[in-house]
Amino acid sequence: MGTPGAGKGTQAKLLADRVGVCHISTGDMLRDAIRRGTRLGLEAQRYMEQGLLVPDDVVIGIVEERLRAPDCKHGFILDGFPRTLAQARALDELLARRGEPLTAVMLIAVPRDEAIRRLAGRRVCDKCGAMSHVAFDPPARADRCDRCGGGLAQREDDREDTIRHRMDVYARETAPVLEHYRGAGLLHEIEGTGSREDVSRRVAASVG
Ligand code: AMP
């Protein structure tokens with residue numbers, strides 16, 4: 001959990017690799033559906049472009065399906081899901097049916113101004129999905145991915161007015177989910193400022 005720009009995706013990928021479980025990012029799955037032009041993608045795009053949440057039933061459906069894949073048999077890290085109380089409750093039910101409750105919920109906390117700076121300068125490779133930042137992690141060649149040479153672009157929803165919208169949606173819809181997990185004694189709060197490696201060490205220490 002964490003506001004847009006807190007570093008959820010980066011840390012979720014690092015942790016999933018380290019512990020050998022699958023990484024489930026609803027944002028990545030929706031962007032992939034948009035790229036492929038599927039019906040799901042066409043529906044999701046309308047919401048995502050405006051920084052709004054995609055409807056609960058759509059997102060719950062894709063997570064449910066993804067969890068059935070063989071690579072999720074030994075555990076999973078959810079990234080960007082659940083984002084509403086309805087999603088959190090649906091997830092509780094889904095996992096209860098699987099007899100597999102959540103082990104931990106991690107909240108990566110970053111001041112709002114810092115998160116906005118990170119998002120506004122973020123660039124994503126259109127070929128391999130690698131991320132860079134115009135100021136904090138600039139590519140060797142302008143607009144070219146260091147990893148594969150693909151083109152770098154700004155995510156449509158990383159434009160400044162859309163970022164502010166996403167922050168408001170987080171405060172309204174997602175912040176209550178934190179209380180749901182705090183009440184269940186699952187919430188680990190992690191200081192998200194500093195380098196990727198600093199935060200990764202804190203994440204590892206927090207969940208053992
Ligand atoms: P992210 O990559 O996690 O920042 O997600 C990008 C966008 O995808 C969000 O602003 C939403 O429009 C949509 N999205 C991702 N995950 C969810 C979710 N769990 N519920 C609703 N919308 C989502």
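Throughout, numbering of the chain's residues begins at 1 and tracks the sequence. All heavy atoms count here, side chains included; hydrogens, waters and symmetry mates do not. Atoms within a ligand are numbered from 1 in the order they appear, just like the ligands themselves.
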Just by distance, do the side chain of Q87 and the backbone of R83 share a donor-acceptor pair under 3.5 Å?
yes
The option among R166, R155, M29 carrying the non-hydrogen atom nearest to atom 6 (C) of ligand 1 is R155
Over 12 foreign heavy atoms within 6.0 Å of CZ, R182:
yes
Worked check of salt bridge (Lys or Arg N to Asp or Glu O under 4.0 Å) between E114 and R117
CA-CA 5 Å; E114 166 73 14; R117 267 197 301 277; 3.1 Å; yes
Relative to atom 2 (O) of ligand 1, which among Q50, R31, R46 owns the nearest non-hydrogen atom?
R31
Keeping the roles fixed (side chain from H165, backbone from D157), state whether a donor-acceptor pair exists under 3.5 Å.
no
Give a yes or no on whether the backbone of E191 and the side-chain of R202 come within a donor-acceptor separation of less than 3.5 Å.
yes
For atom 8 (O) of ligand 1, what is the nearest protein heavy atom, given as residue, atom name and distance?
M48 CE, 3.3 Å
Is V59 in polar range of ligand 1, meaning some N or O pair under 3.5 Å apart?
no
Do you know the tightest heavy-atom contact between L67 and C72?
O-CB, 3.7 Å
Distance from atom 14 (N) of ligand 1 to nearest protein heavy atom, with residue and atom
L30 CD1, 3.6 Å
Which option out of D56, L52, L78, L91 puts a heavy atom nearest to atom 12 (O) of ligand 1?
L52
Does any N or O atom in K8 lie less than 3.5 angstrom from one in ligand 1, N or O only?
no
Who's the nearest protein heavy-atom neighbour of atom 22 (N) of ligand 1, and how far?
V54 N, 3.0 Å
For ligand 1, is there an N or O atom under 3.5 Å from any N or O atom of P82?
no
Among protein heavy atoms, which lies nearest atom 20 (N) of ligand 1, and at what distance?
Q87 NE2, 2.9 Å
Among all protein heavy atoms in this structure, tell me which lies nearest to atom 16 (N) of ligand 1, with the distance rounded to 0.1 Å.
T26 OG1, 2.8 Å
Positive for side-chain contact (heavy atoms from CB on, under 4.5 Å) with P55, one of D57, V59, L52
D57
Closest approach of any protein heavy atom to atom 9 (C) of ligand 1, naming residue and atom
R83 NH2, 3.9 Å
Between K8 and G80 (side chain of the first, backbone of the second, donor and acceptor by atom type, cut-off under 3.5 Å), is there such a pair?
no
